[in-house]
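Accompanying notes for the structure given below.
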Amino acid sequence: MGFKIAVAGATGNVGREMLDILDERGFPADEVVALASRRSQGTEVSFGDRTLKVQALENYDFSDTDICLMSAGGTVSKEWSPRIGAKGCVVIDNSSAWRYDADVPLIVPEVNADAITGFTRKNIIANPNCSTAQLVVALKPLHDHARIKRVVVSTYQSVSGGGKDAMEELFNQTRAIFVNDPIEPDKFTKRIAFNVIPHIDSFMEDGYTKEEWKVLAETKKMLDPAIKVTCTAVRVPVFIGHSESINLEFENEITADEARNILREAPGCLVIDKQEDGGYITPYESAGEDATYISRIREDATVENGLNLWVVSDNLRKGAALNTVQIAEVLVNRGLITPKKAAA
Ligand SMILES: NC(=O)c1ccc[n+]([C@@H]2O[C@H](COP(=O)([O-])OP(=O)(O)OC[C@H]3O[C@@H](n4cnc5c(N)ncnc54)[C@H](OP(=O)(O)O)[C@@H]3O)[C@@H](O)[C@H]2O)c1
């Protein structure tokens with residue numbers, strides 16, 4: 001007997017990807033339910049070769065649902081996740097609402113799957129920020145080998161990280177430039193077409209943005225609180241795929257060749273690193289793929305035991321929907337939940 005799964009935010013960028021990935025990976029679900037806001041009630045979304053009628057989250061009874069994959073934003077999650085969890089349905093949330101709560105595990109299965117057991121405290125598991133997910137997948141095997149002391153990361157984040165409205169804004173602005181229409185930024189603070197914006201999420205008192213803070217807080221929670229992390233997060237006019245330029249300083253010696261070999265064997269990583277024209281991965285090529293791609297592995301001679309990397313991944317997949325489904329698979333494969341229907 002399989003599980004009953006609800007996807008909340010099913011009409012959004014991440015929700016639609018979740019439905020595709022549940023189908024692609026043959027997740028053991030007997031029933032999948034699509035939920036969104038009242039605005040979308042009655043509309044349809046695809047699930048494999050079927051279509052699902054969207055129901056309103058606020059009217060849905062979670063009593064017989066086993067897992068809710070939640071991607072409806074932080075405000076909705078803050079209100080609904082505790083209520084859903086109280087009904088015995090495990091919420092795997094994509095927003096930042098629960099990531100820093102000591103009673104909520106923050107999980108990337110390749111990095112800290114064992115921490116998942118703490119989910120029973122609130123019946124909520126958090127999925128990291130898209131930039132952190134691909135960062136820690138690449139960092140974990142290197143940290144295990146030579147202990148990372150310090151990380152300096154600059155992100156080049158695609159507009160899909162801002163949701164479907166942000167993708168539309170890039171599309172409409174690009175079109176407007178070609179037909180000489182006026183450009184009015186809406187979701188972004190400045191023009192995004194043919195431009196880059198060094199600002200994602202709100203500013204904090206210390207001058208960093210919340211997006212930059214998330215990367216350091218989440219890396220420490222999942223990988224090691226002793227690692228020092230600093231980040232500059234930048235939005236770029238790419239539809240899908242986040243890129244990161246990463247500078248690492250290690251406690252112990254590690255060469256570029258060693259790093260390349262370690263990453264070649266590491267779960268979730270794919271090394272594409274030929275020092276020739278096109279011998280690296282760009283975000284466009286990562287779209288629709290599951291891997292975290294690592295290119296441009298070089299030694300940094302300006303510090304002791306330093307390395308530089310270029311890391312790219314599909315932010316809607318490993319950065320969000322894929323990681324969420326992988327967390328659900330850990331719950332199922334480790335026998336941490338059983339279908340409610342079986343118990344009835
Ligand atoms: N995009 C990424 O790379 C990424 C990565 C990691 C995490 N996340 C997080 O995932 C979440 C969703 O992101 P997204 O990119 O998919 O956004 P999106 O494309 O804007 O979709 C938002 C979804 O939430 C639903 N929703 C909004 N208000 C709701 C309400 N009151 N009740 C129920 N459903 C409601 C929307 O339904 P309607 O269509 O009915 O409005 C839609 O399905 C956010 O928390 C985001 O921070 C995104």
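All ligand and atom numbering here is 1-based and tracks the order in the structure. All values below come from the heavy atoms of this structure, side chains included, with hydrogens, waters and symmetry mates left out. Each residue takes its place number in the sequence, starting with 1. Predicted model, so just to flag it, every value in this text is computed and none were measured.
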Let me check something: any side-chain donor-acceptor pairs from residues 149-156 under 3.5 Å, sequence neighbours excluded? List them with distances.
| from | atom 1 | to | atom 2 | distance (Å) |
| --- | --- | --- | --- | --- |
| Thr155 | OG1 | Gln157 | OE1 | 2.8 |
| Thr155 | OG1 | Val234 | N | 3.2 |

Discussion item. Which residues pass the ring-ring contact (aromatic ring centres under 6.0 Å, His included) test with Phe62, not counting sequence neighbours?
Written reply: Tyr60
Measure from every N or O atom of ligand 1 to the protein's N or O atoms and keep only the pairs below 3.5 Å, writing each with atom names and distance to 0.1 Å.
| from | atom 1 | to | atom 2 | distance (Å) |
| --- | --- | --- | --- | --- |
| ligand 1 | 1 (N) | Ser160 | O | 3.0 |
| ligand 1 | 3 (O) | Asn315 | ND2 | 3.1 |
| ligand 1 | 16 (O) | Asn13 | N | 3.2 |
| ligand 1 | 16 (O) | Val14 | N | 2.8 |
| ligand 1 | 19 (O) | Asn13 | N | 2.9 |
| ligand 1 | 19 (O) | Lys164 | N | 3.1 |
| ligand 1 | 34 (N) | Ser37 | N | 3.2 |
| ligand 1 | 37 (O) | Thr11 | OG1 | 3.2 |
| ligand 1 | 39 (O) | Thr11 | OG1 | 2.5 |
| ligand 1 | 39 (O) | Ser40 | OG | 3.2 |
| ligand 1 | 39 (O) | Lys164 | NZ | 2.9 |
| ligand 1 | 40 (O) | Ser37 | N | 3.2 |
| ligand 1 | 40 (O) | Ser37 | OG | 2.6 |
| ligand 1 | 40 (O) | Ser40 | OG | 2.4 |
| ligand 1 | 41 (O) | Arg39 | NE | 3.4 |
| ligand 1 | 41 (O) | Arg39 | NH2 | 2.8 |
| ligand 1 | 43 (O) | Gly9 | O | 3.1 |
| ligand 1 | 43 (O) | Thr11 | N | 3.3 |
| ligand 1 | 43 (O) | Thr11 | OG1 | 2.6 |
| ligand 1 | 43 (O) | Gly12 | N | 3.0 |
| ligand 1 | 45 (O) | Gly73 | N | 3.4 |

Response to the item:
With Glu211 as partner, the option from Thr132, Asn129, Thr232 fulfilling side chain to side chain donor-acceptor pair (under 3.5 Å) is Asn129
Discussion item. According to side-chain contact (heavy atoms from CB on, under 4.5 Å), who are the partners of Asn252, at least two apart in sequence or on a separate chain?
Written reply: Ala146, Arg147
Discussion item. Which label fits Phe239 and Phe171: parallel for a plane angle under 30°, tilted from 30 to 60°, or perpendicular past 60°?
Written reply: tilted
Worksheet item: Looking at Thr292, Asn323, Asp290, which one forms a side chain to side chain donor-acceptor pair (under 3.5 Å) with Lys318?
Response: Asn323
